[in-house]
Amino acid sequence: MTRANENRRGYKKTKAGWIPEEWKPSNLVDLVTMKSGGTPARNNPEYWGGSFPWYSPKDLKSLYLNSSIETVTKDGAKAGSTIVDKGTVLIVVRGMILNRDIPVGIAMSESCFNQDIKALIAKENVNSGFIAYRLLSLRDHLLGMVDRSSHGTGKIQSDVLKNLS
């Protein structure tokens, strides 16, 4: 046995890399429920300026998301977006930012988000922080899987996310 293999006792090699022997290799879709967001009607002032964070790609600048540039009312969130609980992982799946980065954040309060973001809601017994850090560790891999439109906007297909190890 080589020295490198001696350091791997108690681990097994999988598509996702070396993991503890007792772990079961999974794809992201096995660990989370994915939800899409949306934008409440901009022409309805009763939907905007409330106390609900409404995240867009420009807000995902840190891992822990405590506030957003724009906010909506609860009615606005219900009418035009998707409400998620504290601890939900958000990942940008469409936008020019995907040409250089894969923004990931964890909502630190109940919130909603726009259509350029996917919410990854951890299933029972799955740690959302683990999901977020795994996505961050796959940043370079994901950047290589971004589709680009003729005008340069990047997009990560849902199937790409679902099939991540």
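At least one side-chain heavy atom of Val93 sits under 4.5 Å from a side-chain heavy atom of Leu161. Inter-residue side-chain proximity for Phe52 and Ile83 is flagged as met; some heavy-atom pair is nearer than 4.5 Å.
Between the CG atom of Asn163 and the CG atom of Asn27 there is a distance of 5.5 Å, given to the nearest 0.5 Å. The CG atom of Leu135 sits 4.5 Å away from the CD1 atom of Ile91 when rounded to the nearest 0.5 Å. To the nearest 0.5 Å, atoms NZ (Lys118) and CZ (Arg94) are separated by 9.5 Å. For the atom pair Trp23 CH2 and Trp18 CH2, the distance stands at 14.5 Å (nearest 0.5 Å). To the nearest 0.5 Å, atoms CG (Leu164) and CZ (Arg134) are separated by 8.0 Å.
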Quiz item: How far apart are the C-alpha atoms of Ile97 and Asp116, what are their side-chain angles, what is the distance that settles it, and do they pass the side chain to side chain contact (heavy atoms under 4.5 Å, CB included) test?
Solution: CA-CA 11 Å; Ile97 187 70; Asp116 297 335; over 6 Å; no
Quiz item: Given Ile156 and Met145, is the side chain to side chain contact (heavy atoms under 4.5 Å, CB included) satisfied, shown in steps?
Solution: CA-CA 7 Å; Ile156 299 174; Met145 301 182 88; 5.9 Å; no
Quiz item: Does the pair Ile106 and Tyr64 meet the rule for a side chain to side chain contact (heavy atoms under 4.5 Å, CB included), with working shown?
Solution: CA-CA 5 Å; Ile106 302 172; Tyr64 298 102; 4.0 Å; yes
Quiz prompt | Test side chain to side chain contact (heavy atoms under 4.5 Å, CB included) applied to Val104 and Ile131, step by step | solution = CA-CA 10 Å; Val104 174; Ile131 298 296; over 6 Å; no
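Environment of NZ in Lys86: sparse, with no more than 12 heavy atoms of neighbouring residues, nucleotides or ligands closer than 6.0 Å. Within 6.0 Å of CD on Glu46 lie no more than 12 heavy atoms contributed by other residues, nucleotides or ligands.
Asn66 places no side-chain N or O within donor-acceptor distance of the main-chain N or O of Met108, the cut-off being under 3.5 Å. The closest donor-acceptor contact from the side chain of Ser111 to the backbone of Trp54 lies at 3.5 Å or more, if one exists at all. With hydrogens and angles disregarded, a donor-acceptor distance shorter than 3.5 Å links the side chain of Ser128 to the backbone of Gly87. A donor-acceptor pair under 3.5 Å is absent between the side-chain atoms of Tyr55 and the main chain of Ile117, judged by distance alone. A donor-acceptor pair is defined here as one N or O able to donate and one able to accept, closer than 3.5 Å; no such pair exists between the side chain of Trp48 and the backbone of Asn43. A side-chain donor-acceptor contact under 3.5 Å links Asn99 to the backbone of Gly152. Judged by distance alone, the side chain of Ser81 and the main-chain N or O of Gly37 form no donor-acceptor pair under 3.5 Å. Here the side chain of Asn127 pairs a donor or acceptor atom with the backbone of Gly129 at under 3.5 angstrom.
The shortest heavy-atom contact between Arg42 and Thr39 is NE-CG2, 4.1 Å. Gly105 approaches Leu60 most closely through the heavy-atom pair N-CD2, 3.8 Å. Residues Leu142 and Val160 approach most closely at CD2-CG1, 4.3 Å, considering heavy atoms. The two atoms that bring Pro53 and Thr71 nearest to each other are CA-CG2, 4.5 Å, heavy atoms only. When every heavy atom of Gly154 is checked against every heavy atom of Leu98, the shortest pair comes out as O-CD1, 3.6 Å. Taking both residues in full, the closest heavy atoms of Leu138 and Ser165 are given as CD1-O, 4.3 Å, listed atom of the first, atom of the second, then distance.
Residues Val84 and Val29 do not share a hydrophobic cluster, clusters being chains of Ile/Leu/Val/Met/Phe/Trp/Tyr side chains in contact below 4.5 Å.
For residues 150-165, the set of pairs meeting the salt bridge (charged side-chain N to carboxylate O under 4.0 Å, His left out) definition, not counting sequence neighbours, is empty. Residue pairs meeting the salt bridge (charged side-chain N to carboxylate O under 4.0 Å, His left out) criterion with at least one partner in residues 15-28, sequence neighbours excluded, are absent.
Checked against salt bridge (Lys or Arg N to Asp or Glu O under 4.0 Å), Arg148 has no partners two or more places apart in sequence or in another chain.
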